[in-house]
Each structure stands twice: as structure tokens, then as C-alpha cells.
Amino acid sequence: MHDPRFRNFAEFYPYYLAQHRHPLCRALHFIGTTAVLFCALLTLVSGEIHLLYWLPLLGYGPAWIGHFFFEHNRPATFRHPLYSLLGDFHMYVDILRGLFQPS
């Protein structure tokens, strides 16, 4: 698949969602993002700054499992890291709001 170029996040987000069609991939992203948010909150509350080292594993681990084993595609993070991070949080909020339903 060719590498699409995006002028802004609004152009990127439909592409991002298309890379997350499998419900288990979306669920794993949701679990990973929840773990990241919990770890960040725990770090703020406890002052244990070393907990931040867990953020990449907590966030990327479940997400990449979803891509490699369920979507069978390459995570958008590899080519669009900032937009992908924004996309992950945007999709997280969409799931919480019920806008992005499992298929």
C-alpha cells in the first residue's frame, strides 16, 4: 500500500480508523490507552516518576498485538507517529462516547 500524505489530522483520521476495523484491535487499543492513562495518573499521584518507563509498553504492546495478529497490517505509528498518537486518543474518546461501535 502506498504511503498517503496528509495535510492535517482531519485528513489522517479516516485513514487511521480504516486501519482499526477489527473489533479486537480496537479493544486492545482501548485497553492500552486506559493503561497509559492509569499509569500517568498513578505517577502524578504517587510522585514515582520511574513509572513513566512503562508507558510505551502499556500503550504500544496491546496496540501492536492488535495490528499484527488481528488487523494484519503495519501500525500507522511507524510512518505517522504524532498523528497516530492523536488518533489513538481520538478513537479512545469516540469509543467512550459510543461513536465507534464494534462491528
Enquirer: How far apart are the closest heavy atoms of Phe6 and Glu11, and which atoms are they?
Expert: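 Smallest interatomic distance, heavy atoms only, reads CD2-O, 3.5 Å.
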Enquirer: So, does Tyr92 use its side chain to make a donor-acceptor pair with the main chain of His29 at under 3.5 Å?
Expert: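 No, the answer is negative, given that no donor and acceptor are paired below the 3.5 Å cut-off.
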Enquirer: Is Ser84 reaching over with its side chain to a backbone N or O of Ala76, donor-acceptor style, under 3.5 angstrom?
Expert: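 Such a contact is found between Ser84 side chain and Ala76 backbone.
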Enquirer: Could you grab the distance from atom CG of Leu51 to atom CG of Leu41, nearest 0.5 Å is fine?
Expert: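 Between atom CG of Leu51 and atom CG of Leu41 there are 11.0 Å.
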Enquirer: Go through the steps to decide whether Tyr60 and Leu55 satisfy the test side chain to side chain contact (heavy atoms under 4.5 Å, CB included), and finish with yes or no.
Expert: CA-CA 8 Å; Tyr60 288 123; Leu55 292 181; over 6 Å; no
Enquirer: Should the ring pair Phe70 and His22 be called parallel, tilted or perpendicular, given that the plane angle runs from 0 to 90° and is split at 30 and 60?
Expert: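 If you compare the ring of Phe70 with that of His22, the planes turn out tilted.
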Enquirer: Should the pair His20 and His67 be assigned to parallel (<30°), tilted (30 to 60°) or perpendicular (>60°) ring geometry?
Expert: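 Geometry flag for His67 against His20: perpendicular rings.
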Enquirer: To the nearest 0.5 Å, how far apart are SG in Cys39 and CD in Glu48?
Expert: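 So the gap between those two atoms works out to 11.0 Å.
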Enquirer: Please report the shortest heavy-atom distance between Phe89 and Leu37, naming the atom on each side.
Expert: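 Shortest heavy-atom contact: CE2-CD2, 3.9 Å.
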Enquirer: When you compare the side chain of Tyr16 with that of Asp88, does any pair of heavy atoms fall below 4.5 Å?
Expert: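 A side-chain contact under 4.5 Å exists here.
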Enquirer: Please report the C-alpha distance between Leu28 and Phe69 in whole Å, then the side-chain angles of each, then the deciding distance to 0.1 Å, and finally whether the side chain to side chain contact (heavy atoms under 4.5 Å, CB included) criterion is met.
Expert: CA-CA 11 Å; Leu28 286 165; Phe69 293 103; over 6 Å; no
Enquirer: I need the single residue from Leu57, Ile31, Leu58 that forms a side chain to side chain contact (heavy atoms under 4.5 Å, CB included) with Val36. Which is it?
Expert: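 When side chain to side chain contact (heavy atoms under 4.5 Å, CB included) is applied between Val36 and each of Leu57, Ile31, Leu58, only Leu58 qualifies.
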Enquirer: Considering residues, nucleotides and ligands other than Phe68, do more than 12 of their heavy atoms fall under 6.0 Å from its CZ?
Expert: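 Yes, the 6.0 Å shell around CZ holds more than 12 heavy atoms from other groups.
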Enquirer: Apply side chain to side chain contact (heavy atoms under 4.5 Å, CB included) to Tyr13 and Met91, showing your working.
Expert: CA-CA 9 Å; Tyr13 193 56; Met91 185 172 70; 3.7 Å; yes
Enquirer: Under 6.0 Å between ring centres: does that hold for Phe78 and Trp64?
Expert: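 Between Trp64 and Phe78, which both carry aromatic rings, the centre distance is below 6.0 Å.
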Enquirer: Give a yes or no on whether Leu85 and Phe9 share a hydrophobic cluster (residues Ile, Leu, Val, Met, Phe, Trp, Tyr; joining criterion: side-chain heavy atoms under 4.5 Å apart).
Expert: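 Result: yes, single cluster for both.
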Enquirer: Determine, using ring centers only, whether Phe12 and Tyr15 are less than 6.0 Å apart.
Expert: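 Yes, the ring of Tyr15 comes within the 6.0 Å limit of the ring of Phe12, centre to centre.
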Enquirer: With rounding to the nearest 0.5 Å, note down the distance linking CZ in Arg26 to CG in Leu17.
Expert: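 Taking CZ in Arg26 and CG in Leu17, the distance rounds to 9.0 Å.
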